Amino acid sequence: MTQSMSFSALPDPETQSEFYSGVAFKRLVAWFIDVLVVFLMTAVVATLPLFVGWFFFPLLFLVINFIYRLASISSRSATWGMRIMNIELRNKDGAHLETSEALLHTAAYLVASSFFLPQVISMILMLVSERGQGLHDMLCGTTAIRRPSNY
């Protein structure tokens, strides 16, 4: 089974390229927005218990990042950064991600982004793959598209 056959419910990259045009750049900008949001959330949480949380900042950042991504992706199939950039995640059937899919996508994303080589592979794949999917997207059967105008 080819990749295009398994993703047949999604817009075709050749005939409906507008759904994929510029998505890699939009994902990068969305990532910066999300990192800023998570950093600010973590700073607030780290400060609440009399600044003790700052000793555990990396762990707090990881936990808050996981919760933030899971909650936002499972509710509207996009993080806040993705929403601002007008993109969203879809599964191979073209539907928004359910909670279990959002959990798998978030876990795969955090694992892939924790190591240099998988992260570089993901970035390259987003630039060269037919649907602009990263490594974690390919593993989870998801892809990011421009949000259709009827939403």
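Everything numeric in this text was worked out from a predicted model, so none of it was measured.
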For Leu70, side-chain contact (heavy atoms from CB on, under 4.5 Å) partners two or more places apart: Phe66, Ala102, Leu103, Thr106

Which residues share a side-chain contact (heavy atoms from CB on, under 4.5 Å) with Phe115, sequence neighbours left out: Val111, Pro118

Using a 3.5 Å distance criterion without hydrogens, assess whether the side chain of [X] forms a donor-acceptor pair with backbone atoms of [Y].
{"X": "Thr79", "Y": "Asp34", "answer": "no"}
{"X": "Asp93", "Y": "Ala95", "answer": "no"}
{"X": "Arg83", "Y": "Ala78", "answer": "yes"}
{"X": "Gln119", "Y": "Ser114", "answer": "no"}
{"X": "Thr143", "Y": "Arg90", "answer": "no"}

Partner set under side-chain hydrogen bond (donor to acceptor under 3.5 Å, both in side chains) for [X], not counting sequence neighbours:
{"X": "Ser113", "value": "none"}
{"X": "Trp54", "value": "Thr47"}
{"X": "Thr42", "value": "none"}

Summary of salt bridge (Lys or Arg N to Asp or Glu O under 4.0 Å) pairs that have at least one residue in residues 10-27, sequence neighbours excluded: Arg27-Asp137

Could you pull out every donor-acceptor pair under 3.5 Å between side chains of residues 55-65 and any protein atom, sequence neighbours left out?
| residue | atom | partner | partner atom | Å |
| --- | --- | --- | --- | --- |
| Asn65 | OD1 | Arg69 | NE | 3.2 |

Do [X] and [Y] share a hydrophobic cluster, counting only Ile, Leu, Val, Met, Phe, Trp and Tyr and linking them when any side-chain heavy atoms are less than 4.5 Å apart?
{"X": "Met85", "Y": "Ile145", "value": "no"}
{"X": "Leu127", "Y": "Phe116", "value": "yes"}
{"X": "Leu28", "Y": "Met126", "value": "no"}
{"X": "Leu36", "Y": "Phe32", "value": "yes"}
{"X": "Phe39", "Y": "Ile84", "value": "yes"}

Ring pair (Phe, Tyr, Trp, His ring centres under 6.0 Å) pairs, two or more places apart, involving residues 124-145: His105-His136, Tyr109-His136

Nearest atoms (heavy-atom pairs only) where [X] meets [Y]:
{"X": "Pro11", "Y": "Gln16", "result": "CA-OE1, 3.1 Å"}
{"X": "Ser77", "Y": "Leu97", "result": "OG-N, 3.0 Å"}
{"X": "His96", "Y": "Glu101", "result": "O-OE1, 3.9 Å"}
{"X": "Met138", "Y": "Ser129", "result": "CE-CB, 3.7 Å"}

Residues that Tyr68 engages under ring pair (Phe, Tyr, Trp, His ring centres under 6.0 Å), provided they are two or more places apart: Trp80

Atom CZ of Arg146: over 12 foreign heavy atoms under 6.0 Å: yes

Residue Glu98 excluded, over 12 heavy atoms near CD under 6.0 Å: no

Let me confirm one number: the [atom1]-[atom2] distance from [X] to [Y], rounded to the nearest 0.5 Å.
{"X": "Tyr20", "Y": "Glu130", "atom1": "OH", "atom2": "CD", "value": "8.0 Å"}
{"X": "Ser72", "Y": "Met82", "atom1": "OG", "atom2": "CE", "value": "7.5 Å"}
{"X": "Asn91", "Y": "Leu89", "atom1": "CG", "atom2": "CG", "value": "10.0 Å"}

Positive for side-chain contact (heavy atoms from CB on, under 4.5 Å) with Trp31, one of Ile33, Val29, Val35: Val35

